[in-house]
Amino acid sequence: MPTNELRISKLPGRRTLRCALGTMGNSMINRLRDLSIRRKLIAMLLFTNAVVLALVSAAFVVNEANRFRSEMQTELTALAEIIGNNSSAAVAFNDRQAAGETLAALRAKPYIRTALIVMQDDTVLVRYLAPGRPAHQLPFTVTAGNRVSIDPGRFRATLEHSRSPLAIGEDIYGVYRILLDGQQIGTVVLQSDPREFTDRLARFFLLVAGVMLSALLLVYFLATRLQRLISAPITHLAQVIKAVSAEKNYSMRAQKEGNDELGTLIEGFNEMLVQIQRRDQQLEAQRQELEGEVQRRTAQLSAANRELNQTVAELLVSKEAAEAASLAKSQFLANMSHEIRTPMNGVLGMTRVLMESGLAGEQRRFAEAVWNSGESLLSIINDILDFSKIEAGRMELEPAPFDLHDMLGGVLEMFAAVAQRKGVDISLRIDPDLPRYVVGDPVRLRQILVNLLGNAVKFTSRGEVRLTVLPLVEQGEGWLKFEVADTGIGIRPEAQAHIFESFSQADYSTTRTFGGTGLGLAISRQLAQLMEGELGLASEYGVGSTFWFSVRLEVLAEAPECLAQQSVLLEGGEKPCFDACILVAEDNPVNQDVVRHMLGQLACRVDIVANGELAVAASGEGKYHLIFMDCQMPHMDGYAATRAIRAREESEGGGRLPVVALTANALSGDRELCLAAGMDDYLSKPFDCRQLAEVLLRWIPERATSCPEGCTATDPVTGAVQPARPVDAPEQDEPQHAGGRPLKGESPEGEVLVFDREGLVRRVGDAEFVEMFVEKYLESTDKLMTLLRHAIEVEDYAEVRLQAHSIKGAAASIGAEVMRAVSFRMEQAAQLEQERPGLPELFEALERALAEFRRVAAPV
Ligand code: ADP
């Protein structure tokens, strides 16, 4: 639409103008607003006064102008009257000359511009024009005969106009009617220019302007002083506000000068400050109160903390005491187990020999009874030991790669004969998906299975016992389930709940019939839990029971190298040989010989050093494949030496040399100590050739080769040891224990313990070198005994401990069991803090044991 377009195109122009004006106005107003109050007040007063003065002056000037004008008009009219009176005769007689003369007198009045005497017929009788000044505005008409007449209409209009108050700058007229006998015969008209009038007016205007200026100056002077009445309190208030906000000092006050609005404002401001100050004071008081409260609470808290610290310290002491007690307990149990197991092995071994010695009838039954009781006693002791370990949280799994299928077969084989004797079928079902090679603790897994299968066979008199093993696919890789189901006596529902509690059995008649400690299931369940699994049961009384447990093992895709070689070398009946260079750090000459001999049997090259320092130095040569490290040695023990070797390896880089601890301690914390020092494995004395071979296969399988002859070893499946053969015991005084008890009292066959010759032969692999070892042992132990005696005399208990330990180590290696037991007691007694009871008596016992060993071990 063209119209709209036009309109639209025009709009911005107008708007822009309006905007520009608006902006100017706004900027002026803004500038005014930003002025100080003082200037605003002065400006206001000046502006107001100027306006008032201007108005008053204007009124005054207009009034004065009118007054001048009317005065001049009156004067002109009076002059016109005089002229009219003087020229009335001339007018009556139309005497131009006379009239002209009368008018000529007007020369004395220079402001008269024009003078006329107009006749009744509007003709001009005579006219006077001021010299050099033309007639102005008057409407003359020159008619025929050179007569001048006037246009009456315009003439009247001109006169009318000159009388108006607005005709300030116009000419002024004075008019007089000439009368004769009451009749108008002519008119005198005087025209004056307004110069005099305007001159007067200008003078007057200048005066007014001067007065106005002075008045304004005065106003300015007064305003600058008077404005203080208003601006001073406001400025003062503003300054106080600024100071208060800058200094945050609410105690300041503004000075009130009067009771006007400003006074009220200042009063209000002061009141506000008072309230703020009061609130501040209240806040400060509250803050101080709070601070006090915080301090009080802090004090209470630190008192509580102190108490807590004290309690913690006390608890720590109690904890340490408890730990010490627990350690003592576990050490006691470890000692006990060792101390009991060793003679028990003797008892069992002897009984077995006795049974095979051609006994008949009652004697054979008695011997069998002894053997059976011994076996159960040993298993009870093992159970109690395991249970105590679990209770004390010290049971730790020892993971190793193993062949699960083989292990299951072995376990089942263990029970095959018993089950067959009872007429019970025993079977193993392995799921096709069950992994074969796994990493876990085979000993503990076996223990659970032996316990469950043992119970199943024990409580089943007909039917079958079945072991099923399957992977728990839904729980993820490595999860396995083992089920032992039997068709035995079953368990009553009420008994099922508590048979997992320790020392608990289904009922006491069972105990009477079948025996048992009630620890097996408790231990099995804990072991399963240690392997991240659980153990449960489903049973119907009189029908049978199914015990199941789950565990998590690491699955290996293929047979690990060590397992493969081990199975080839050990289970193939071949003797493992090693193309290896071995360093042995061992201070005891007997042990040195035994180890050297055993390693020689395994075809190793052996270097022997007598302390840790030498071991660190020798291992630096870089020619060894493995180190056997005795833990207790003079100068530098095995732990320190291993740490030094590890530190050197770390700083120099290169491979990690396997270090295997050799220790005579059977205590549970020992293994952890060795591993913490940087050792890789652990072999407790006495060890045999096979154990050595196993360690070598585990750590340096790549050095294994085959050689024609094998070591004498323990049974690979059952782990059972060969019983020791008795040595004929000639009559002699019984060795006495420190407490006065006969050493023989530890075993009915005390002489067997004096020297376990068979054990030694079995460990070292052949009998050929036994005499040499014995000789060496006696030689070195004699020396140690001298040192020990001296240490006891000078009460150097650390030395006593060291020597007793050395004697114990050598005794363990040679199989001098009594020596070992007594020196162990001495080592422990020397370790005690306060009393070291009976060291001299123990020494005597040791001497007797040594004499006894000398006698027993002497070549027959
Ligand atoms: P114990 O060493 O006495 O056998 P366990 O803890 O192994 O101890 O077993 C506890 C009790 O649980 C047993 O005495 C027996 O009463 C019961 N029990 C265990 N296994 C079976 C089973 N397969 N059949 C019947 N009863 C069983």
Side-chain angles (χ1 to χ4, degrees), residues 331-332 334-347 588 590 632 664-667 685-686 724 727 729-757 759-760 774 777-832 834-858:
Q331 283 185 344
F332 169 77
N335 297 346
M336 276 289 292
S337 75
H338 180 76
E339 297 291 307
I340 297 173
R341 271 193 280 192
T342 313
M344 274 310 296
N345 276 335
V347 172
N588 188 285
V590 180
Q632 307 281 339
N665 287 336
L667 306 185
K685 296 174 191 169
V727 177
E731 290 302 313
Q732 203 181 329
D733 285 350
E734 289 174 347
Q736 289 294 311
H737 183 264
R741 281 188 294 121
L743 271 177
K744 271 187 178 177
E746 295 180 1
S747 157
E749 303 291 337
E751 289 87 349
V752 176
L753 294 174
V754 171
F755 179 32
D756 182 3
R757 183 190 292 267
L760 177 62
V774 167
Y777 169 75
L778 288 171
E779 194 183 310
S780 74
T781 306
D782 281 343
K783 282 187 198 150
L784 293 174
M785 288 293 279
T786 315
L787 293 173
L788 180 62
R789 187 206 311 273
H790 176 72
I792 293 171
E793 276 165 12
V794 299
E795 297 185 351
D796 181 348
Y797 298 116
E799 184 66 16
V800 171
R801 206 182 131 210
L802 196 74
Q803 298 306 337
H805 182 83
S806 294
I807 293 171
K808 181 183 81 177
S813 292
I814 206 79
E817 296 295 340
V818 177
M819 284 294 286
R820 172 173 150 155
V822 181
S823 53
F824 176 61
R825 274 195 202 104
M826 183 169 269
E827 186 187 359
Q828 285 203 313
Q831 219 167 338
L832 291 175
Q834 285 109 15
E835 303 166 43
R836 293 182 175 83
L839 285 186
E841 288 84 347
L842 276 173
F843 186 75
E844 277 171 32
L846 205 55
E847 277 186 318
R848 280 199 297 277
L850 184 58
E852 181 69 358
F853 177 86
R854 208 183 290 278
R855 183 181 64 75
V856 171

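What's counted below: heavy atoms across the whole structure, side chains too, no hydrogens, waters or symmetry copies. Remember, it's a predicted structure, so these values are computed and weren't measured experimentally. Each residue takes its place number in the sequence, starting with 1.
- The two residues Val754 and Phe853 come nearest to each other via the heavy atoms O-CD1, 3.3 Å.
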| message | Evaluate Tyr777 against Met819 for side-chain contact (heavy atoms from CB on, under 4.5 Å), listing each step before the verdict. | response | CA-CA 12 Å; Tyr777 169 75; Met819 284 294 286; 3.5 Å; yes
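- Between the CD1 atom in Ile792 and the CG atom in Leu787 there is a gap of 11.0 Å [rounded to 0.5 Å].
- Sorted by first and then second residue, the pairs that involve residues 783-798 and meet salt bridge (charged side-chain N to carboxylate O under 4.0 Å, His left out), not counting sequence neighbours, are Arg789-Glu847.
- Taking CD of Gln803 as the reference point, atom CZ of Phe843 lies at 10.5 Å (rounded to 0.5 Å).
- The OG atom of Ser813 lies 6.5 Å from the CG atom of Asn588; values are rounded to the nearest 0.5 Å.
- Here the straight-line distance linking atom CD of Glu852 with atom CZ of Phe755 works out to 13.0 Å at 0.5 Å rounding.
- Tested against Ser823, the residues Thr781, Leu842, Ile807 include a single side-chain contact (heavy atoms from CB on, under 4.5 Å) partner, Ile807.
- If you take CG on Leu846 and CG on Leu839, they are separated by 11.0 Å, rounding to the nearest 0.5 Å.
- For the residue pair Ala812 and Arg820, the shortest heavy atom distance occurs at CB-NH1, 3.2 Å.
- Atom CD in Glu841 sits 13.5 Å away from atom CZ in Arg825 (nearest 0.5 Å).
- Nearest heavy atom pair, residue Ala804 against residue Leu788, reads N-CD1, 4.2 Å.
- Side-chain contact of Gln632 with His805: a donor-acceptor pair under 3.5 Å is absent, judged by distance alone.
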